[in-house]
Amino acid sequence: MALYSEKVMDHFRNPRNVGVIEDADGIGEVGNAKCGDIMKIYLKIENDIIKDVKFETFGCGSAIASSSMATELIKGKPVSEALTLTNQAVAQALDGLPAHKLHCSVLAEAAIKKALQDYYEKKGLKL
């Protein structure tokens, strides 16, 4: 069995939603000093819908794939739905991650939640 699924390899080789949103409504950055992965998520939100999402990730292939898939899972969705995204959903959408790489999906979830928290704080609301 291959270490990585075809979906992981596809999202690593052809990541979706890479880049920066200059006037982002929410920005979330997380990092893991242990593994060296750093993720930054940018959100553009209109009428409580995530209209655009971009990411910058410094890290391994699993971190890039997790960031890419996570952005795909929330793009076009209501903020309330994005808040329910779990690392398990990210890993499952990638057809699984090796056990020692599951922390990458955890970082992707955390970055999105942090960006949503930033969005709420900028609006003067509580998450």
Side-chain angles (χ1 to χ4, degrees):
M1 181 178 133
L3 185 60
Y4 296 105
S5 72
E6 283 299 316
K7 280 190 184 177
V8 170
M9 294 307 296
D10 181 43
H11 278 267
F12 166 64
R13 290 185 183 122
N14 308 293
R16 284 66 152 181
N17 307 307
V18 175
V20 175
I21 298 174
E22 293 298 336
D23 59 343
D25 297 310
I27 300 171
E29 184 172 354
V30 296
N32 183 330
K34 181 180 164 195
C35 68
D37 296 326
I38 299 169
M39 295 181 186
K40 195 167 188 177
I41 301 280
Y42 302 85
L43 301 174
K44 191 68 181 165
I45 300 170
E46 294 173 20
N47 299 320
D48 247 17
I49 303 290
I50 298 173
K51 293 293 185 184
D52 197 11
V53 56
K54 301 276 187 221
F55 78 90
E56 294 178 301
T57 293
F58 175 81
C60 66
S62 294
I64 293 165
S66 293
S67 300
S68 176
M69 180 57 81
T71 61
E72 286 287 278
L73 291 172
I74 66 166
K75 193 172 192 175
K77 303 281 196 277
V79 169
S80 60
E81 193 174 323
L83 282 167
T84 68
L85 181 73
T86 64
N87 71 293
Q88 294 94 340
V90 173
Q92 186 176 25
L94 288 168
D95 291 338
L97 286 168
H100 67 285
K101 292 295 185 177
L102 279 175
H103 67 275
C104 295
S105 63
V106 172
L107 283 176
E109 174 190 346
I112 286 171
K113 300 248 168 96
K114 201 164 184 183
L116 289 166
Q117 181 179 356
D118 181 49
Y119 166 70
Y120 274 89
E121 287 172 2
K122 286 177 178 175
K123 290 186 72 157
L125 302 171
K126 288 196 183 270
L127 186 61

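Values in this document were obtained by computation on a predicted structure and should not be read as measured data. Heavy-atom basis, side chains included; hydrogens, waters and symmetry copies ignored.
Considering only heavy atoms from C-beta on, Lys44 comes within 4.5 Å of Asp23 through its side chain. Between Leu97 and His103, every side-chain heavy-atom pair lies at or beyond the 4.5 Å cut-off. The side-chain heavy atoms of Ser80 and Asp48, taken from C-beta on, include no pair separated by under 4.5 Å.
Every side chain to side chain contact (heavy atoms under 4.5 Å, CB included) that Gln117 has, sequence neighbours left out, goes to Glu121, Leu127. A search for side chain to side chain contact (heavy atoms under 4.5 Å, CB included) contacts involving Lys123 returns Tyr119, Leu125, not counting sequence neighbours.
Annotation for Met39 and Ala111: closest pair CB-CB, 4.2 Å, computed over non-hydrogen atoms. Val30 and Lys114 get closest at one heavy-atom pair: CG1-CD, 3.9 Å. When all heavy atoms of Gly61 and Phe12 are compared, the closest pair comes out as CA-CD1, 3.3 Å. The two residues Ile74 and Ala82 come nearest to each other via the heavy atoms CG2-CB, 3.8 Å. In plain terms, the two heavy atoms of Leu94 and Lys7 that are nearest each other are O-CB, 3.7 Å. Gly76 approaches Ile49 most closely through the heavy-atom pair O-CG2, 3.6 Å.
Applying the 6.0 Å contact sphere to CG of Asn14 captures more than 12 heavy atoms from other residues, nucleotides or ligands.
Annotation: salt bridge (Lys or Arg N to Asp or Glu O under 4.0 Å) contacts involving residues 59-68, sequence neighbours excluded, are absent. Among residue pairs with one or both ends in residues 59-69, those qualifying as side-chain hydrogen bond (donor to acceptor under 3.5 Å, both in side chains) are His11-Ser68, Thr57-Ser67; sequence neighbours excluded. Counting only residues at least two apart or in different chains, salt bridge (Lys or Arg N to Asp or Glu O under 4.0 Å) contacts with residues 60-85 comprise Asp52-Lys75.
The CD1 atom of Ile112 lies 10.0 Å from the CG atom of Leu83; values are rounded to the nearest 0.5 Å. Atom NZ of Lys54 is separated from atom CD1 of Ile41 by 11.5 Å, given to the nearest 0.5 angstrom. Taking CD of Gln92 as the reference point, atom CE of Met69 lies at 10.5 Å (rounded to 0.5 Å). Summarising the geometry, atom CG belonging to Asp118 is positioned 8.5 Å from atom CG belonging to Leu43; distances are rounded to the nearest 0.5 Å. One distance of note links CG of Leu85 with CG of Leu116; it measures 9.5 Å at 0.5 Å rounding. Of the inter-residue distances, the one linking Leu73 atom CG with Thr86 atom OG1 reads 9.0 Å to the nearest 0.5 angstrom.
Panel note: side chain Asp37, backbone Cys60; a donor-acceptor pair is recorded below 3.5 Å. Without hydrogens or angle criteria, Asp25 side chain to Ile45 main chain gives a donor-acceptor distance under 3.5 Å.
By the rule that hydrophobic residues join a cluster once side-chain heavy atoms approach within less than 4.5 Å of another member, Leu3 and Leu102 end up as members of one cluster. Taking hydrophobic clusters as Ile, Leu, Val, Met, Phe, Trp and Tyr residues chained together by side-chain heavy-atom distances below 4.5 Å, Met9 shares a cluster with Phe55.
Ile27 belongs to a hydrophobic cluster whose other members, connected by ILVMFWY side-chain contacts under 4.5 Å either directly or through intermediates, are Val20, Ile21, Tyr42.
Counting only N and O atoms by type, the side chains of Thr71 and Asn17 include a donor and acceptor under 3.5 Å apart.
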